[in-house]
Amino acid sequence: MTDASKFIAIDGPAGSGKSSVSKEIARREGYGYLDTGAAYRALAWHVLDRGDDTADADAVRAAASAFPFSQGLDPDDRIVRVGDVDVTAAIREPRVSNAVSGVARVPEIRVQVNEMFRRIVAESEYPAVIVEGRDITTVVAPDAPVRILLTAAPEVRAARRAGELAGENAAVVAEALHKRDASDSTVVDFLNAAEGVDVVDSTELDFAQTIDAVLTVIAQRRDADRGA
Ligand SMILES: Nc1ncnc2c1ncn2[C@@H]1O[C@H](COP(=O)(O)OP(=O)(O)OP(=O)(O)O)[C@@H](O)[C@H]1O
Ligand SMILES: Nc1ccn([C@@H]2O[C@H](COP(=O)(O)O)[C@@H](O)[C@H]2O)c(=O)n1
């Protein structure tokens, strides 16, 4: 069993605000920030870079066996590398977003990256690390003192994501987001909160209100964990 005491675990569907909210809270509170989706995205990029298809599980496993991934925990230093290549921007491109679920579907890959996430948190010098993804509250750190499912209505998430991708057709962006959620939810359940997980639904909240809501849960859970 891993020591999950440093984890602040946040799950949720695409576009629910996991990365933007986690990053901002990490900055304010002096926590580390681990974007687990970046590892899946970087592996998808690596598979494509090798000229392979992420739908081919054997090709994904082969790419993962030589996957020199690196990512720091500083919320203001978000550089992601595969070997010497800075893939920070490339992993956000639609071609990677559309391919990443293929990587996430391979069970051995999930085991490999989850072990890496636990090791990164255990070795970090931060007092706590906000770790966000799809299965952090349920699989990666089910014993974490703080576990939050951050969600929002599908149309709100799609509109927020379309707002980010200037120049992209909103309907196409929405369709890609829902398709990725549908594929990902066959692998892990990030739409329903597991027992003991707090839900923050930001459908009716602006960004600042969402931050406040998440900070309130963190404070309550950490106090309870300390026996306050
Ligand atoms: N409560 C909110 N109100 C308005 N905009 C928000 C809110 N929360 C997040 N956003 C915005 O929604 C967009 C999507 O958020 P973000 O990228 O953090 O989602 P995510 O859950 O990490 O998505 P993905 O899993 O696809 O990476 C961002 O532009 C972010 O600034
Ligand atoms: N814990 C996780 C995190 C991510 N994934 C997969 O990676 C994709 C990209 O994640 P983003 O958070 O950057 O959008 C996501 O669509 C999943 O396929 C995962 O499976 N588990």
Side-chain angles (χ1 to χ4, degrees), residues 7 9-26 33-45 47 54-55 60 69 71 75 78 80 87-88 90-107 109-118 120-121 130-142 148-166 168 173-174 176-191 200-215:
F7 272 77
I10 301 192
D11 291 346
S16 61
K18 299 180 299 297
S19 54
S20 50
V21 168
S22 301
K23 214 181 306 172
E24 180 57 21
I25 290 178
Y33 163 58
L34 181 59
D35 168 7
T36 61
Y40 288 94
R41 286 173 179 273
L43 181 54
W45 176 90
V47 173
T54 59
V60 172
F69 171 76
Q71 176 191 28
R78 308 295 322 130
V80 179
V87 297
T88 315
I91 62 171
R92 305 289 157 196
E93 289 171 4
R95 75 181 186 103
V96 173
S97 299
N98 294 337
V100 67
S101 294
V103 161
R105 222 176 284 132
V106 183
I109 298 300
R110 304 197 70 83
V111 171
Q112 178 180 332
V113 297
N114 288 347
E115 280 169 7
M116 176 177 77
F117 300 145
R118 294 185 190 111
I120 289 172
V121 173
I130 307 199
V131 184
E132 57 94 353
R134 301 286 187 291
D135 58 351
I136 313 303
T137 70
T138 51
V139 178
V140 180
I148 296 171
L149 177 67
L150 180 59
T151 191
E155 62 279 11
V156 171
R157 293 189 282 109
R160 288 175 184 165
R161 179 51 39 85
E164 276 179 317
L165 298 172
E168 301 275 340
V173 171
L177 180 137
H178 297 316
K179 197 170 157 199
R180 186 150 60 94
D181 270 355
S183 175
D184 288 340
S185 62
T186 63
V187 180
V188 278
D189 183 2
F190 48 80
L191 297 172
V200 173
D201 184 337
S202 75
T203 304
E204 306 282 342
L205 306 179
D206 65 19
F207 189 71
Q209 291 169 324
T210 306
I211 297 281
D212 286 347
V214 172
L215 279 171

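The first residue of the sequence shown is numbered 1, and numbering continues consecutively from there. Because only heavy atoms are used, hydrogens play no part in the values below, and waters and symmetry mates are left out as well, while side chains stay in. Each ligand, and each atom within it, is numbered from 1 in the order the structure gives. Computed from a predicted structure; not experimentally measured.
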**Q** Do D135 and N114 have side chains that get closer than 4.5 Å, going by heavy atoms?
**A**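 Heavy-atom side-chain distance check passes, below 4.5 Å.
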**Q** Going by the atom numbers of ligand 1, which of them fall below 4.0 Å from some non-hydrogen atom of P13?
**A**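 Close to P13: 21 (O).
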**Q** Evaluate R161 for polar contact with ligand 1, using N/O atom pairs at a separation under 3.5 Å.
**A**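 Yes - when backbone and side-chain N and O of R161 are compared with those of ligand 1, one distance drops under 3.5 Å.
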**Q** So, regarding R92 and ligand 1 (criterion: nitrogen or oxygen to nitrogen or oxygen, under 3.5 Å), is there a contact or not?
**A**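 For ligand 1, there is no N or O atom that lies under 3.5 Å from one belonging to R92.
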**Q** Run the numbers for me: atoms of ligand 1, each under 4.0 Å from some heavy atom of R180, listed by number.
**A**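 Atoms satisfying the 4.0 Å criterion: 26 (O).
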**Q** Compare every heavy atom of V80 with every heavy atom of A42, then report the nearest pair and how far apart it is.
**A**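 In this case the closest contact between A42 and V80 is CB-CG1, 4.2 Å.
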**Q** Return the residue, atom name and 0.1 Å-rounded distance of the protein heavy atom closest to atom 28 (C) of ligand 1.
**A**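 Ranking protein heavy atoms by distance from atom 28 (C) of ligand 1, first comes E164 OE2, 3.3 Å.
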**Q** Does the side chain to side chain contact (heavy atoms under 4.5 Å, CB included) test come out yes or no for S202 and F207, once each step is laid out?
**A** CA-CA 8 Å; S202 75; F207 189 71; over 6 Å; no
**Q** List in chain and number order the residues that pass side chain to side chain donor-acceptor pair (under 3.5 Å) with T137, two or more places apart in sequence or in another chain; answer none if no residue qualifies.
**A**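 In terms of side chain to side chain donor-acceptor pair (under 3.5 Å), with neighbours along the sequence ignored, T137 is linked to D11.
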**Q** Measure the distance from atom 16 (P) of ligand 1 to every protein heavy atom, then report the residue, atom name and distance (to 0.1 Å) of the closest one.
**A**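 Its nearest protein heavy-atom neighbour is S19 OG, 3.5 Å.
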**Q** I130 vs I10, test: side chain to side chain contact (heavy atoms under 4.5 Å, CB included). Steps then yes/no.
**A** CA-CA 7 Å; I130 307 199; I10 301 192; 3.9 Å; yes
**Q** Among all residues two or more places apart in sequence or in another chain, which pass the side chain to side chain donor-acceptor pair (under 3.5 Å) test with R105?
**A**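 R105 satisfies side chain to side chain donor-acceptor pair (under 3.5 Å) with S183 once adjacent residues are dropped.
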**Q** Is there any N or O on E132 that sits under 3.5 Å from an N or O of ligand 1?
**A**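 E132 vs ligand 1: no N/O contact under 3.5 Å.
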**Q** Among pairs that include at least one residue of residues 180-191, which meet salt bridge (Lys or Arg N to Asp or Glu O under 4.0 Å), considering only residues two or more places apart or in two chains?
**A**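 Listed once each, the pairs are R134-D184, R157-D181.
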**Q** Taking the side chain as C-beta and beyond, is there a heavy-atom pair between V100 and T54 under 4.5 Å?
**A**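 They are not in side-chain contact.
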**Q** Can you tell me which residue and heavy atom of the protein come closest to atom 11 (C) of ligand 1, and the distance to 0.1 Å?
**A**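 Nearest protein contact, heavy atoms only, for atom 11 (C) of ligand 1 is R160 CD, 4.1 Å.
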**Q** Do any nitrogen or oxygen atoms of A14 lie less than 3.5 angstrom from nitrogen or oxygen atoms of ligand 1?
**A**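 In this structure, A14 places no N or O atom under 3.5 Å from an N or O of ligand 1.
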**Q** With a 4.0 angstrom cut-off on heavy atoms, strictly below it, pick out the residues next to ligand 2 and order them by chain and number.
**A**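 Within 4.0 Å of ligand 2, protein side: T36, G37, Y40, R41, R92, V100, S101, A104, R110, G133, R134, D135, I136, R180, D184.
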**Q** When you measure from atom 25 (O) of ligand 1 to every protein heavy atom, which one gives the shortest distance, and what is it?
**A**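 Scanning the protein heavy atoms, the shortest distance from atom 25 (O) of ligand 1 goes to K18 NZ, 2.7 Å.
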**Q** Quick one: are E93 and W45 in side-chain contact, heavy atoms under 4.5 Å?
**A**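 E93 does not reach W45 side chain to side chain.
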**Q** Does Q209 reach ligand 1, in the sense of a heavy atom lying below 4.0 Å from it?
**A**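 No, Q209 has no heavy atoms under 4.0 Å from ligand 1.
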**Q** Tell me whether ligand 1 is touched by G15 - counting only heavy atoms on the residue side and a distance under 4.0 Å.
**A**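 Yes; G15 lies near enough to ligand 1 that a heavy-atom distance drops under 4.0 Å.
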**Q** Would you mind listing which atoms of ligand 1 come within a distance below 4.0 Å of any non-hydrogen atom of R134?
**A**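 Listed by number with element: 25 (O).
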**Q** Pick one of side chain, backbone, both or neither for how T210 approaches ligand 1, counting any non-hydrogen atom pair under 4.0 Å.
**A**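 Only the side chain of T210 comes within reach of ligand 1.
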**Q** Got the closest protein heavy atom to atom 31 (O) of ligand 1, with its distance?
**A**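 Scanning the protein heavy atoms, the shortest distance from atom 31 (O) of ligand 1 goes to S20 OG, 3.9 Å.
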**Q** For A39, does its backbone N or O pair with a side-chain atom of Q71 as donor and acceptor, under 3.5 Å?
**A**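 No.
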**Q** Using a strict 4.0 Å threshold on nitrogen-to-oxygen distance, state whether R118 and E115 make a salt bridge.
**A**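 No.
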**Q** Return the CG to CG distance between L191 and L149, rounded to the nearest 0.5 Å.
**A**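 One finds 7.5 Å between CG of L191 and CG of L149.
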**Q** I'd like to know if S16 contacts ligand 1, where contact means a heavy-atom distance under 4.0 Å to any ligand atom.
**A**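 Within the 4.0 Å threshold, so yes.
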**Q** Any luck finding a side-chain donor-acceptor pair between S20 and R160 under 3.5 Å?
**A**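 Side-chain D/A pair, S20 to R160: absent.
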**Q** Does any N or O atom in G17 lie less than 3.5 angstrom from one in ligand 1, N or O only?
**A**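 Yes, there is a polar N/O contact under 3.5 Å.
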**Q** Rounded to the nearest 0.5 Å, what's the gap from CZ on R78 to OG on S19? Could you check?
**A**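 Spacing of CZ (R78) from OG (S19) equals 9.0 Å.
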